[in-house]
Structures are given as structure tokens and as C-alpha cells.
Amino acid sequence: MPYKAFLAATGSGNTIFEGDVINGMTAPDGRKVKIQFFSNDRGYTAAAYHTDGEGAKALLQELKSLVQANAERGGKFDADSVNRNFRLAREFEATPLILFFNGNDKLQGRSFHRGDAAALNKVVDEFEKVVQTIVDVMEGKGPGASKEE
């Protein structure tokens, strides 16, 4: 599914974003953000992070650092991100990488994404689009913003 962002139909002013791996919402001021990472591994699950605009940027940097440092690694390994919101591992030599999302929602706490370095970079790229959407909404340039200037 191509990435898209649109205003919530509820009239709340919240912006909804949907992509291949990441769905969620942001309040107009960016104080309330929910980001869900959906699994391509072991069923249809999602890890959710409840944060704000600045927290979303920090999560992106944390994920990006982990993937950049480890996606090309060979052999069996297990690496946690700085704040342990994400983990990247390979269980056996020559098997796909597994990216763990350790969400902060009690009901949607963990999901997994399996693939090679290119697949993980697609997740990072989509997360960059999400963070840009959140920034745009906070700056009044998101979906539904007045085009008059």
C-alpha cells in the first residue's frame, strides 16, 4: 500500500497515516502521537508507541542507528538499540534478520519484521515519511491545512 496521510473522519483534527508497515495518528499540535509497527512475521500483530512529536523523532534516530550499525552484519548476533525500543538479531548463520519492535503499549507491546538489509531500510524510509508527516502537521502544513498564504 502506498503511504498516505489524511485527516481523521471524526472531526478531531487528528491526522492519520498509513503505510506498508507503519500506521498511526498525530494530534494537530504533535503532543499526542501513536505509531504502530505491523509485523510481517508470525501473524498480524503490531507494536504501538505512544509518544509526542519529539519522541517520534527520537524513535526514528534510535531505529536508524540500530539498522545502520547492524543490517550488513554477518553471522549470528543480537543487538539492542540505545533505549531498547528496538532489537535486531539473526538467529542462525545465513538466515534473515529479525527486527523486534518493543512498544510501550501494554496491549500492543511487541511485533517483528523479518528480512534482509533492504527490507529493514524500507522500514526506516517509511518511518522517515511518518516523522515528516508529524512535523508537517505540527507546522500547520499537514492534510487539511489551508492552501492560502
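- With a 4.5 Å cut-off on side-chain heavy atoms, Leu120 and Leu88 count as touching.
- Judged purely by atom type and a 3.5 angstrom limit, Asn40 uses its side chain to pair as donor or acceptor with the backbone of Arg114.
- Contact record, Leu7 with Gly13: CD2-O, 3.9 Å, taken as the closest heavy-atom pair.
- Clustering of Ile, Leu, Val, Met, Phe, Trp and Tyr side chains at separations under 4.5 Å places Phe6 together with Ile16, Met25.
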Step-by-step side chain to side chain contact (heavy atoms under 4.5 Å, CB included) determination, Val135 to Gln132:
CA-CA 5 Å; Val135 168; Gln132 186 58 54; 4.2 Å; yes
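- Across Ile134 and Phe17, no two heavy atoms sit closer than the pair CG1-CE2, 4.2 Å.
- Between Phe77 and Leu97, the closest side-chain pair of non-hydrogen atoms falls below 4.5 Å.
- When every heavy atom of Gly109 is checked against every heavy atom of Ala47, the shortest pair comes out as O-CB, 3.9 Å.
- Taking the side chain to side chain donor-acceptor pair (under 3.5 Å) definition, one finds that Thr51 meets it with nothing, sequence neighbours left out.
- Taking the salt bridge (Lys or Arg N to Asp or Glu O under 4.0 Å) definition, one finds that Lys122 meets it with nothing, sequence neighbours left out.
- The CG atom of Asp20 sits 11.0 Å away from the CD atom of Glu18 when rounded to the nearest 0.5 Å.
- The line from CE of Met138 to CG of Asp29 is 8.0 Å long, rounded to the nearest 0.5 Å.
- The backbone N or O of Gly19 sits less than 3.5 Å from a side-chain atom of Asn23, completing a donor-acceptor pair.
- Both Leu63 and Val131 belong to a common hydrophobic cluster when Ile, Leu, Val, Met, Phe, Trp and Tyr are linked at side-chain heavy-atom distances under 4.5 angstrom.
- One distance of note links CG of Leu99 with CZ of Phe112; it measures 10.5 Å at 0.5 Å rounding.
- Between Asn104 atom CG and Lys34 atom NZ the span is 10.0 Å, to the nearest 0.5 Å.
- Across Asn102, Thr45, Asp105, a single residue satisfies side-chain hydrogen bond (donor to acceptor under 3.5 Å, both in side chains) together with Arg110, and that is Asn102.
- Applying the side chain to side chain donor-acceptor pair (under 3.5 Å) criterion to Asn121, with sequence neighbours excluded, gives no partner residue.
- Of the inter-residue distances, the one linking Phe101 atom CZ with Gln108 atom CD reads 13.5 Å to the nearest 0.5 angstrom.
- Note: the hydrophobic cluster containing Val123 also contains Ile35 (ILVMFWY, side chain heavy atoms under 4.5 Å, direct or indirect links).
- Taking Lys32 as the reference, nothing meets the side chain to side chain donor-acceptor pair (under 3.5 Å) condition, with sequence neighbours excluded.
- Of the possible polar contacts, one joining the Glu62 side chain to the Asn83 backbone as a donor-acceptor pair under 3.5 Å is found.
- Remark: Ser12 engages Ala8, Thr10, Asn14 in a side-chain contact (heavy atoms from CB on, under 4.5 Å) (not counting sequence neighbours).
- With hydrophobic clusters built from ILVMFWY side chains whose heavy atoms lie under 4.5 angstrom apart, Leu59 shares a cluster with Val33.
- Atom OG of residue Ser39 and atom CZ of residue Phe100 lie 10.5 Å apart, to the nearest 0.5 angstrom.
- Judged as a side chain to side chain donor-acceptor pair (under 3.5 Å), and not counting sequence neighbours, the contacts of Thr133 are Tyr3.
- Here salt bridge (Lys or Arg N to Asp or Glu O under 4.0 Å) pairs that include residues 129-140, with residues two or more places apart or in two chains, are Glu139-Lys141.
- Listed by chain and number, the residues in a salt bridge (Lys or Arg N to Asp or Glu O under 4.0 Å) with Asp80 are Arg84 (sequence neighbours excluded).
- Residues meeting the ring pair (Phe, Tyr, Trp, His ring centres under 6.0 Å) test with Tyr49, sequence neighbours left out: Phe37, Phe86.
- Considering only residues two or more places apart in sequence or on other chains, Asp125 meets the side-chain contact (heavy atoms from CB on, under 4.5 Å) condition with Glu128.
- Proximity of His113 to Val21: side-chain heavy atoms (C-beta onward) are separated by under 4.5 Å at one or more points.
- Residues in residues 68-79 take part in these salt bridge (Lys or Arg N to Asp or Glu O under 4.0 Å) pairs, two or more places apart or across chains: Asp78-Arg87.
- A donor-acceptor contact shorter than 3.5 Å links the side chain of Arg90 to the backbone of Thr95.
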